[in-house]
Amino acid sequence: MAHIFAVVNQKGGVGKTTTAVNLAAYLAAAGKRVLVVDLDPQGNATSSLGIQRAGLPVSTYDVVLEKASASAATLYSERIKLHIIPSVPDLAAAEIELVSEFDRERRLQHALAPVLSSYDYVLMDCPPSLGMLTVNALTCATGVLVPVQCEYLALEGLGQLTRTLSLVKQRLNSHIDITGMVMTMYDPRTQLSAQVVAEVEKHFPSKVFKTRIPRSVRLSEAPSYGQPILTYAPTSSGAVAYAALAQEVLADRVGADVVNDVLVAG
Ligand code: ATP
Ligand code: MG
């Protein structure tokens, strides 16, 4: 059965897209069949994977509004060996259009159902809000990945996220749970990073991935070249970290001791 992960945090700029794209690339490099679903009208996952958004005929917008099938909207990156349902700016309208639709929270679930048997991992990159698109992702997810930036007030907003998750769990998807929190932009030289990790571990015991994603210029540069870190700077600290995170995800045990012998290509 496919693992279907929603990458969620309503706080902006915490590393959702960076995590979705780079984790997807390493899972694909490990031989897994991977689908990225770009659920953000900003389309950062789409462009980070080197796809020109202008003029795309079908996108996540058509899929959630059932104007096109998931398979018709899916593109394949030969270079990165993964599939993606891209986003175009029109997706912002879906947030509003969905409100008046029948079964509005389950649109994505219905749309993805026919293609799930083709994948081992589906990673849904959510927008920085807890609106209809994120609720659609949570409704069809088997797990939730929450990137948390190692900075002051990191925990702020996580309460609202857990309340939304409980509501979704009660009403829409009884299986949903946080799979793991991914600590991003970690700086080992600062006390603050260590403090934030300790706080998050206190509030979410055994839910924090052992791998910390360091702050890395290479990670922030890669999207402008339309590449994941795996191909852009495979020996950089950010690459090593996302490769290790992929191993934790593959091991299916958050916080497990994972031998870091991975996949740093080239
Ligand atoms: P949004 O809420 O707008 O969708 P996001 O949560 O998806 O944002 P990203 O786009 O992944 O966040 O990251 C925000 C910015 O920080 C981007 O410019 C990205 O390149 C940069 N960034 C992400 N992770 C790191 C990192 N570990 N080190 C350095 N820069 C990073
Ligand atoms: Mg994003």
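Every number for a ligand or one of its atoms is a count from 1 in the order of the listing.
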Answer with yes or no whether the side chains of T211 and E248 bring together a donor and an acceptor at under 3.5 Å. yes

Test item: side-chain donor near acceptor, D38 and T46, under 3.5 Å: yes

In ligand 1, the atoms that come under 4.0 Å of a heavy atom of L219 are 26 (C), 27 (N)

Regarding T17 and D125, is there a side-chain donor-to-acceptor distance under 3.5 Å anywhere? yes

Residues A24 and V34: closest non-hydrogen pair is CB-CG1, 3.8 Å

Please find out if the Mg ion (ligand 2) and some N, O or S atom of T17 are separated by less than 2.8 Å. yes

Protein contact of atom 12 (O) of ligand 1 - nearest heavy atom, named by residue and atom, plus distance: G15 N, 3.0 Å

Do me a favour and list the nearest non-hydrogen protein atom to atom 5 (P) of ligand 1 with residue, atom name and distance? K16 N, 3.5 Å

For ligand 1, is there an N or O atom under 3.5 Å from any N or O atom of R215? no

Which one holds for D40 and ligand 1: side chain close, backbone close, both close, or neither close, with close meaning a heavy atom under 4.0 Å? side chain

Polar contact flag for P223 and ligand 1 (N/O pairs, less than 3.5 Å): no

Taking everything shown except Y76 itself, do over 12 heavy atoms lie less than 6.0 Å from its OH? yes

What protein heavy atom sits nearest atom 27 (N) of ligand 1, and how far off is it? P214 O, 2.8 Å

Looking only at protein heavy atoms, identify the closest one to atom 1 (P) of ligand 1 and say how far it is in Å. G13 N, 3.5 Å

Please verify whether a non-hydrogen atom of C126 lies at under 4.0 Å from ligand 1. no

Measure the OG1-CZ distance between T19 and F209 for me, rounded to the nearest 0.5 Å. 10.0 Å

Is at least one protein non-hydrogen atom found at under 4.0 angstrom from atom 29 (C) of ligand 1? yes

S216 near ligand 1 by a heavy-atom separation under 4.0 Å: yes

Polar-atom distance check: V217 versus ligand 1, any N or O pair below 3.5 Å? no

Can you find an N or O of Q42 that's nearer than 3.5 Å to an N or O of ligand 1? yes

Check whether the ring centres of Y242 and Y26 lie less than 6.0 Å apart, and answer yes or no. no

R171, CZ atom: more than 12 neighbouring heavy atoms under 6.0 Å: no

Within-cutoff protein neighbour (heavy atom, under 4.0 Å) for atom 18 (O) of ligand 1: no

For G159, is there any backbone N or O sitting under 3.5 Å from a side-chain donor or acceptor partner on T162? yes

Min N/O separation I213 to ligand 1 under 3.5 Å: no

Checking a contact table here: which protein heavy atom is nearest atom 10 (O) of ligand 1, and how many Å away? T17 CB, 4.0 Å

Verify the contact flag for atom 14 (C) of ligand 1, where contact means a protein heavy atom under 4.0 Å away. yes

Exercise: do S47 and R53 side chains pair donor with acceptor under 3.5 Å: no

Tell me yes or no: between the side chains of R106 and Q109, is some donor less than 3.5 Å from an acceptor? yes

Look at atom 20 (O) of ligand 1 and say which protein heavy atom is nearest, naming residue and atom and giving the distance to 0.1 Å. S220 CA, 3.3 Å

Using only heavy-atom distances, determine whether the side chains of H110 and D103 contain a donor-acceptor pair under 3.5 Å. yes

Below 4.0 Å from ligand 1: does a non-hydrogen atom of T184 turn up there or not? no

Numbered in order shown, the ligand 1 atoms found under 4.0 Å of a heavy atom of V14 are 5 (P), 6 (O), 12 (O)

Taking the side chain as every heavy atom from C-beta outward, state whether F204 and I178 have any atom pair closer than 4.5 Å. yes

Close-contact set for ligand 1 against G12 heavy atoms, below 4.0 Å: 2 (O)

If you have a sec, work out which protein heavy atom is nearest atom 26 (C) of ligand 1 and how many Å separate them, to one decimal? M185 CG, 3.6 Å

Consider salt bridge (charged side-chain N to carboxylate O under 4.0 Å, His left out). Of R212, K210, K207, which one does E201 pass it with? R212

Could you tell me whether T18 and ligand 1 have an N or O pair separated by under 3.5 Å? yes

